[in-house]
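Some notes on the structure that comes next.
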Amino acid sequence: MKIATWNVNSLRVRLPQVLDWMESAQPDLLAVQETKLTDDAFPVGDLHALGYHAVYSGQKTYNGVAVFSKTPIENVQTDPPNLKDPQRRILAVTAGPLRVINLYVPNGSEVGSDKYAYKLDWLAKIRDFIAQEMAQNPHTVVLGDFNIAPEDRDVHDPESWREKILCSTPERDAFRALADLGLTDLFRRFEQPEGSFSWWDYRAAGFRRNLGLRIDHILASPHLAERCTACTIDKAPRRLERPSDHAPVVAEFAGF
DNA sequence: ATGGTCGATGTTCGA
């Protein structure tokens, strides 16, 4: 079984790249963020033509999450009871043996800003939601754009990013609090090249110079984490013309 | 030198 996460930064613009990538990579499940599409505009026909079920929670201009799965999707949850939030950032689904929680964590703008406070509050509330989900589902995956680089090795220049947005200690503590629920960052279960990142700023030739951060993650509950055989970042789509600023992160499992 | 580039929108804002 292969699953993946990808912040596509507008599914309208990126749809051909997403379809090409899915046709080639053949994930059993793909979680996407920043679709920036209302539900009535969702290209569900294109996904069906490729053999995928699709569920989505969209809004105009901002945010928007979706899950594409080869197996049918059930028990869709977009609004955790403890989180009153009109922003469309969460999509929890059951697909085959998996409970999958797709997250587009708020960016936070700047440390100390209102958006930063919203981010930390959102993360605290989503932690409670994930804990409840894990209590009911032995095979839980939490994946998406976390907008947090968990450690200095996830940052191209840790000193210049010290206590900046995406890297601040409260954000890293919030990420750690999710992991402490019993979730493993699958990417770090394996030896990885130095300078492995999932996002590069469009500005200042960030990708060409590998000025990136690893902020997109796949976390898994213990039974799943033990059966994970690989977790990689696929930089190929980031090299295309008119790419998303994020690359897909992919995890594979044996025995599922 | 607090820059730079996208995407959606609308003559800026969020990332």
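A, B, ... follow the sequence lines: proteins, then strands. Residue 1 opens every chain. What you are looking at is a predicted structure, and each value in this text was computed from that prediction instead of being measured.
- Comparing B:dT5, B:dA8, B:dT9 against the side chain of A:R203 picks out B:dT5 as the nearest.
- Under 4.0 angstrom from either OP1 or OP2 of B:dG14 there lies at least one side-chain N or O belonging to A:K115.
- Contact check, A:R14 against B:dG7: a side-chain N or O comes under 4.0 Å of OP1 or OP2.
- Going from atom CG of A:N9 over to atom P of B:dA15 covers 11 Å, rounded to whole Å.
- Note on A:K36: every side-chain N or O is 4.0 Å or more away from OP1 and OP2 of B:dA15.
- Put simply, OH on A:Y118 is 13 Å from P on B:dG14, counting in whole angstrom units.
- Each of A:A205 and A:N7 has a nearest nucleotide on DNA chain B; the 5'-most of these lies closest to A:A205.
- Between A:R172 and A:D154 there is no salt bridge, since no side-chain nitrogen of the basic residue lies less than 4.0 Å from a carboxylate oxygen of the acidic one.
- DNA chain B is contacted by both A:G108 and A:S10; A:S10 maps to the nucleotide lying nearer its 5′ end (nearest heavy atom per residue).
- The CG-P distance, from A:L213 to B:dA15, rounds to 16 Å in whole Å.
- Considering A:N102, A:L103, A:I101, A:V32 in turn, A:N102 is the only one that fulfils the side-chain contact (heavy atoms from CB on, under 4.5 Å) rule with A:L91.
- Under the 30°/60° scheme for interplanar angles, the aromatic rings of A:H139 and A:F256 are found to stand perpendicular.
- Looking at heavy-atom distances under 4.0 Å, A:R209 makes no contact with the nucleic acid at all.
- Regarding contacts with the backbone of B:dT5, every side-chain N or O of A:R242 stays at 4.0 angstrom or more from both OP1 and OP2.
- Ion pairing between A:D114 and A:K119 fails under the 4.0 Å rule for side-chain N and carboxylate O.
- Following rounding to the nearest Å, A:Y202 (OH) and B:dA8 (C1') show an atom-to-atom distance of 13 Å.
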